[in-house]
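Hydrogens, waters and symmetry mates are skipped; everything else that's a heavy atom, side chains included, is used. Ligands are counted one by one from 1 in listed order, and the atoms in each one are counted from 1 as well. All values reported here derive from a predicted model rather than from experimental measurement.
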Amino acid sequence: MTARTDLAAHLASLALPQALSQTLTAAAAACVEIRKIVSGGALVGALGASGVVNVQDEEQKKLDVISNDVLTDMLLACPAVAGVASEEMDTVQPATNPTGEYLVLFDPLDGSSNIDINAPVGTIVSVLKAPSATPTEADFLQSGRHQVAALYAVYGGQTMLVLTTGQGVAGFTLSHDGQWLMTHERITVPADTKEFAINMSNQRHWAESVQRYIDGCLQGADGPRGKNFNMRWVAAMVADVHRILMRGGVFLYPWDKREPNKPGKLRLMYEGNPMAFLIEQAGGKATTDGKQAILDVTPTELHQRIPVALGSANEVDQIAAA
Ligand code: AHG
Ligand code: MN
Ligand code: MN
């Protein structure tokens, strides 16, 4: 059997700055630790609520807190990291070492509502260049186009890590002996699809254009689209995006009318941007509304929310035209 490329060899082949390789290696190692805790479930006290409400006004699960601690500790111990920011922390945490070159933003545990039912969850990571070795919150507010790397780990039937550094998208599967081995060398998203992902229970709250788009899909072969669609919703963006990277589709979490001043549910800096970078690098489109690229949004707040419509390029165009 031919030996597979491991993550270290892949990073070496990309000729990245050494500090960036170190940062990505630390993030990937943290995901291995989180996987162990996810797998332990009730045996290691990983299920249930923590009793604390985070800066998002959402009740943290124990696993949100544990995953956040693992990533924070392992990244800040890496000399290449100048600071971290997370869904689960009010503000940014600068590193104490003076050598850091990169800022790392993360959603430590995406899909928290899946934890207690043993459904897929994941970790999402965005990496930016640090403007200074002692970064402030303002230093993190760079548009997604400035990302130098993005990755996610999905803790599903298999544990996979999917990575871009702006040179395409590669996928790795965690082996039983704890190595990230390349199993998907160049991931691409098909331009066309017959599959969409949206939380249908919010239908009555959506903008008219989103209602029109989904209605067209639901009419299937009898409607304007002239083909039948399938629907999937894992309730973890990381798993829904993974499906799209594996076989195409679109994922929407749109603005809705309930709280008109709230742009959407998902967060720009550690959900929208890293996933948009991966999707674009795989040949798909990642937008707020079918038209505006998520990567071009200028951030104003660390925990800013945005609408998301991403996936197969031609289908995202259909969302824009609806
Ligand atoms: P998180 O667990 O990090 O707060 O993110 C959950 C997000 C996202 O992963 C998912 O797509 C969405 O919330 C699920 O929303 P619904 O509760 O509407 O299904
Ligand atoms: Mn999330
Ligand atoms: Mn989360």
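Each of the following atoms of ligand 1 lies closer than 4.0 Å to a heavy atom of E58: 4 (O). The distance from ligand 1 to the heavy atoms of D107 drops below 4.0 Å at these ligand atoms: 3 (O). Heavy-atom contacts of E271 reach the following atoms of ligand 1: 3 (O), 5 (O) (cutoff under 4.0 Å). Each of the atoms 10 (C), 14 (C), 19 (O) of ligand 1 lies under 4.0 Å from some heavy atom of A235. Of all atoms in ligand 1, numbered sequentially from 1 with element shown, those under 4.0 Å from a heavy atom of L109 are 2 (O), 3 (O).
Using a cutoff of 4.0 Å between basic side-chain nitrogens and carboxylate oxygens, E271 and R305 are not scored as salt-bridged. The pair D240-R243 counts as a salt bridge, with a side-chain nitrogen and a carboxylate oxygen less than 4.0 angstrom apart. Ion pair E58/K265 not flagged as a salt bridge, since none of the NZ, NE, NH1 or NH2 atoms sits closer than 4.0 Å to an Asp/Glu carboxylate oxygen.
If you look at S112 next to ligand 1, the close heavy atoms, those under 4.0 Å, come from the backbone and the side chain alike. When non-hydrogen atoms are compared, ligand 1 lies under 4.0 Å from neither the backbone nor the side chain of Y270. By the criterion of a heavy-atom distance under 4.0 Å, both the backbone and the side chain of D110 are placed next to ligand 1. Heavy atoms of L266 found under 4.0 angstrom from ligand 1 belong exclusively to the side chain. With a 4.0 Å heavy-atom cut-off, ligand 1 is reached by the side chain of R267 but not by its N, CA, C or O. The residue Q56 has no part lying near ligand 1, judged by heavy-atom distances below 4.0 Å.
The atom name of the N/O/S atom in D110 closest to the Mn ion (ligand 2) is OD1. Between the Mn ion (ligand 3) and the N, O or S atoms of E87, the shortest distance is to OE1. Closest to the Mn ion (ligand 2) among the N, O or S atoms of E271 is OE2. Among heteroatoms of the N, O or S kind in D107, OD1 lies nearest the Mn ion (ligand 3).
Heavy-atom neighbours of K194 NZ from other residues, nucleotides or ligands within 6.0 Å: at or below the threshold of 12. The local environment of CZ in R204 is sparse, with at most 12 non-hydrogen atoms from other residues, nucleotides or ligands closer than 6.0 Å.
Among Q211, Q219, R212, the single residue meeting the side-chain hydrogen bond (donor to acceptor under 3.5 Å, both in side chains) criterion with D215 is Q219. Among Q60, E59, E88, the one residue that satisfies the side-chain hydrogen bond (donor to acceptor under 3.5 Å, both in side chains) test with N54 is E88.
Of all heavy-atom pairs between Q304 and T298, the closest is NE2-O, 4.0 Å. When all heavy atoms are compared, the tightest approach of Y155 to L109 is CE1-CD2, 4.4 Å. Taking both residues in full, the closest heavy atoms of L75 and A27 are given as CD2-N, 3.9 Å, listed atom of the first, atom of the second, then distance.
Atom 10 (C) of ligand 1 has as its closest protein heavy atom M237 N, 3.6 Å. Protein heavy atom closest to atom 19 (O) of ligand 1, with residue, atom name and distance, is W233 NE1, 2.9 Å. Given atom 13 (O) of ligand 1, the protein heavy atom at minimum distance is K265 NZ, 3.1 Å.
Residue D240 has no nitrogen or oxygen atom sitting less than 3.5 Å from a nitrogen or oxygen atom of ligand 1, judged on distance alone. Polar contact with ligand 1: present for Y253 (N/O pair, distance under 3.5 Å).
Contact annotation: I124 places no N, O or S atom under 2.8 Å from the Mn ion (ligand 3).
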Checklist entry - How far apart are the C-alpha atoms of R267 and Q56, what are their side-chain angles, what is the distance that settles it, and do they pass the side-chain hydrogen bond (donor to acceptor under 3.5 Å, both in side chains) test? => result CA-CA 10 Å; R267 280 64 47 120; Q56 322 277 338; 3.0 Å; yes
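Residue contact annotation: A236 has a non-hydrogen atom under 4.0 Å from ligand 1.
Of the possible donor and acceptor atoms, none in the side chain of T188 sits under 3.5 Å from a partner among the backbone N and O of A282.
Annotation: F196 is not in aromatic contact with W233 [ring centroid separation under 6.0 Å not met].
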